[in-house]
2 protein chains.
Amino acid sequence: MTHRLKPAVVVAPASADGVRAARMEDVAAAAGVSMKTVSRVFNREPNVREATRSRVEQIARQLNYQPNTSARSLAANRSYLVALLYDNPSSNYVMEVIDGVLDACRNAHYNLMLRPIDYTGAGHVEAVAELVAQYRPDGLVLTPPLTDDRALLERLQRLGVRHASLSARPGNAQLGASLNERRAAAEMLEHVVALGHRRIGHITGHRDHGARAWRLAGYRDGLRRAGIEFDPALVIEGEHTFHSGVEGARRLLGLADPPTALFAANDDMAAGVIYEACERGLRIPDDLSVLGFDDTPLSQQIWPGLTTVRQPSRDMGRIAAEQLLLEIRGTGTGQVVQVPYQLQLRRSLGPARQP
Amino acid sequence: MTHRLKPAVVVAPASADGVRAARMEDVAAAAGVSMKTVSRVFNREPNVREATRSRVEQIARQLNYQPNTSARSLAANRSYLVALLYDNPSSNYVMEVIDGVLDACRNAHYNLMLRPIDYTGAGHVEAVAELVAQYRPDGLVLTPPLTDDRALLERLQRLGVRHASLSARPGNAQLGASLNERRAAAEMLEHVVALGHRRIGHITGHRDHGARAWRLAGYRDGLRRAGIEFDPALVIEGEHTFHSGVEGARRLLGLADPPTALFAANDDMAAGVIYEACERGLRIPDDLSVLGFDDTPLSQQIWPGLTTVRQPSRDMGRIAAEQLLLEIRGTGTGQVVQVPYQLQLRRSLGPARQP
DNA sequence: GTGAAAGCGCTAACAT
DNA sequence: ATGTTAGCGCTTTCAC
């Protein structure tokens with residue numbers, strides 16, 4: 001007994017459009033080939049004559065055929081889904097990464113799933129495991145600091161889920177994109193020193209982020225090359241938030257002999273520094289130069305414009321997803337791609353105030 | 001001939017975990033019930049004895065059973081997918097909306113699909129139609145100005161796809177969330193007037209956004225109530241971007257008799273106003289008060305803090321998705337929910353400068 | 001309140 | 001180079 005009507009047999013209005021969507025069977029029938037051949041065409045498999053291929057493609061277009069993703073997933077045991085896991089430190093950053101990953105996914109006809117994760121929360125590893133069990137993403141993209149979360153990485157390994165990472169610590173990722181943050185920070189420092197600054201403060205990133213160590217090391221490299229002795233009193237622990245930038249500035253600007261320039265490990269904190277400097281009536285850059293890192297949209301929306309290191313987050317998201325998809329689709333071998341940085345000079349940086 | 005092994009029969013290591021994921025059949029067997037009963041439990045259908053329900057649930061937990069979404073989708077002819085369409089005017093805004101929608105989706109075990117759309121681009125309606133054909137989302141969430149895109153709305157209607165909207169023009173949505181923007185703007189104006197301002201400029205939103213008319217009308221309401229004559233020379237067309245805020249401020253502050261307060265139709269433009277004012281050496285709020293709308297994170301990251309209308313974008317995203325899901329799941333009747341606004345007073349607003 | 005069986009639309013394995 | 005068939009894991013329909 002047949003419970004459901006086959007449109008190939010009975011044409012019945014089923015959607016609001018008045019016509020049921022075409023299935024692979026319909027295309028196959030119209031093209032005079034088997035379903036398997038249509039399947040081959042749509043999956044770009046070999047062993048289809050060119051003439052057959054183009055005929056199938058034309059018919060499919062005529063019938064406005066769109067493969068049903070659920071059926072494909074079920075039969076092929078793939079989800080055609082990539083999940084992006086992020087712990088939202090800065091919505092500007094995340095949004096750019098999303099844009100890039102989305103770009104790569106759309107090109108590959110993959111779908112993107114988003115999952116905000118609180119990596120400090122208990123059970124965040126379990127939450128990811130559950131996501132994997134339920135949706136079976138073909139791969140994951142991780143942003144810092146999830147990229148370096150030992151427990152999470154081990155679990156992913158056990159689950160056999162591939163992942164690509166942005167700015168992961170070396171060894172924690174085989175796939176993804178990263179940037180030589182240490183060299184970038186050093187270069188920024190050299191530039192600042194060249195403008196006559198000798199007392200340069202630093203507000204670090206959060207301890208769980210690899211970026212903290214790299215940017216701090218770059219800061220020290222820059223000082224060393226200039227022959228400036230490292231002064232621990234000028235380094236404050238931040239945690240990537242605007243508020244921690246304000247706090248850091250408060251402490252550094254409250255010193256008896258305050259710095260003439262402040263290098264924050266990201267733009268949000270740099271914005272906090274500018275805010276606090278303004279509160280104190282300091283003029284930027286006359287009284288204080290401020291430097292950031294990332295070049296998020298924020299750096300152009302505050303006054304004065306923020307001098308920062310341009311990190312191509314959108315590209316990094318796209319590249320990481322591309323490397324992942326290479327492996328997923330078996331069309332190549334993914335790697336960790338180094339992307340270029342660039343000093344973005346804006347008006348928050350000026351010559352050192354003369355003593 | 002059997003091509004694939006059934007784990008219920010043969011236990012074979014299939015995943016890296018060493019154990020194949022449990023299927024509904026396994027749960028049914030272990031609980032001594034039929035698959036249909038397990039299905040009923042998982043879909044919260046009626047007609048299951050409480051004892052049976054809890055036994056099934058316990059077994060499922062023991063076996064770590066997670067329903068396979070692809071199989072569910074295929075069989076039920078639903079995608080368990082909601083797509084969010086947005087034309088990215090401000091990444092802060094979009095990110096908040098995403099967060100809210102995601103929240104609602106996760107609660108309902110729905111997946112979210114993102115689709116940035118350039119509504120000015122040719123073929124954007126076709127792009128959406130293709131997305132619908134391929135992924136068959138059970139519903140869409142639209143953000144302005146897509147909420148009021150005639151061609152798009154008509155197409156969705158024909159395709160029979162439900163949608164919920166944020167801040168849609170009345171009549172363009174049956175589902176979603178909105179805010180009385182006109183009243184909010186008027187209230188803001190009254191507050192500004194109470195501080196002695198008489199010449200108050202306005203930079204409008206983009207013409208394609210309903211918000212433009214509402215916020216402009218509120219601005220005029222506020223002036224009228226204060227008995228201040230509307231001066232068209234004080235209104236500049238903006239387009240929601242930081243840059244258009246800078247431009248608008250440039251023109252208004254260049255007037256012979258410049259305004260003492262500037263109300264921008266969103267925060268990004270207000271940040272542009274502050275930027276331009278600083279460029280001119282004006283002190284805020286002493287020389288110029290600046291007002292925004294939305295209360296995105298940006299309004300707290302600039303100096304001085306921006307006085308603005310708090311629009312709960314995250315809640316609006318969540319609520320819109322909830323209304324949509326009510327209809328999708330047939331568990332209720334969705335509507336357009338009015339959400340509250342709130343004046344967010346910060347230091348960019350002060351008493352009018354005495355002439 | 002519960003179950004049996006058909007079938008959703010596709011791909012995998014095996015044939016030809 | 002192309003076709004045949006079983007089956008992916010669930011929900012639906014209908015029977016009990």
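No experiment lies behind these values; they were computed from the predicted model shown. Residue numbering restarts at 1 for every chain, and letters A, B, ... go by the order of the sequence lines.
By the side-chain hydrogen bond (donor to acceptor under 3.5 Å, both in side chains) test, A/Thr37 is found to be paired with A/Ser34, residues two or more places apart in sequence or in another chain being considered. In this structure, the salt bridge (charged side-chain N to carboxylate O under 4.0 Å, His left out) partners of B/Arg53, at least two apart in sequence or on a different chain, are B/Glu50. In this view, B/Phe42 and B/Tyr65 satisfy the ring pair (Phe, Tyr, Trp, His ring centres under 6.0 Å) rule, not counting sequence neighbours. Applying the salt bridge (charged side-chain N to carboxylate O under 4.0 Å, His left out) rule to A/Asp99 yields the partners A/Arg314; only residues at least two apart in sequence or on another chain are considered. For B/Arg155, the salt bridge (charged side-chain N to carboxylate O under 4.0 Å, His left out) partners two or more places apart in sequence, or in a different chain, are B/Glu126. In this structure, the side-chain contact (heavy atoms from CB on, under 4.5 Å) partners of A/Glu322, at least two apart in sequence or on a different chain, are A/Ala104, A/Arg318, A/Ile319.
Screening residues 34-43 of chain B for salt bridge (charged side-chain N to carboxylate O under 4.0 Å, His left out) gives B/Lys36-B/Glu45 as the qualifying pairs, with residues at least two apart or on separate chains. Applying the salt bridge (charged side-chain N to carboxylate O under 4.0 Å, His left out) test to pairs two or more places apart or on separate chains, none has a residue in residues 58-79 of chain B. Within the structure, ring-ring contact (aromatic ring centres under 6.0 Å, His included) contacts touching residues 97-132 of chain B (residues at least two apart or in different chains) are B/Tyr80-B/Tyr110.
Distance, A/Glu50 CD to D/dT2 C1': 16 Å, rounded to whole Å. Rounded to an integer number of Å, the gap from A/Asp26 CG to C/dC8 C1' is 14 Å. Atom OH of A/Tyr135 and atom C1' of D/dG9 are 16 Å apart (whole Å). Taking atom CD of A/Glu25 as the reference point, atom C1' of C/dT11 lies 15 Å away to the nearest angstrom.
Proximity of residues 35-44 of chain B to DNA chain C (heavy atom under 4.0 angstrom from any strand atom) is restricted to B/Lys36, B/Thr37, B/Arg40. Of all the residues in residues 54-72 of chain A, A/Tyr65, A/Pro67, A/Asn68, A/Ala71, A/Arg72 reach under 4.0 Å from DNA chain C with at least one non-hydrogen atom.
Atom-to-atom distance recorded for A/Gln157:CD and A/Leu152:CG is 11.5 Å, nearest 0.5 angstrom.
Distances were taken from every side-chain heavy atom of B/Asn47 (C-beta onward) to each of D/dT11, C/dA12, C/dG1; the shortest belongs to C/dG1. Of all nucleotides listed (C/dC8, D/dT4, C/dA12), C/dA12 comes nearest to the side chain of A/Glu45. Each of C/dG3, D/dG9, D/dT11 was ranked by its minimum atom distance to the side chain of B/Met24; first place goes to D/dT11.
Contacts of B/Ser73 with the nucleic acid, taken as non-hydrogen atoms under 4.0 Å apart, are absent.
Remark: A/Arg23 is in phosphate contact with C/dG9, judged by side-chain N or O atoms under 4.0 Å from OP1 or OP2.
Looking only at atom types and distance, the side chain of A/Ser79 has a donor-acceptor partner in the side chain of A/Asp138 under 3.5 Å away.
Nearer to the 5' terminus of DNA chain C, by closest-nucleotide assignment, is the contact made by B/Gly32 (compared with the other of B/Gly32 and B/Asn77). Along DNA chain C, the nucleotide nearest B/Val48 and the nucleotide nearest B/Arg136 are compared for position; the residue whose nucleotide lies closer to the 5' end is B/Val48.
Rotation axes derived from the C1' atoms of the five outermost pairs at either end of the helix from C/dG1-D/dC16 to C/dT16-D/dA1 lie 20° apart, to the nearest 10°.
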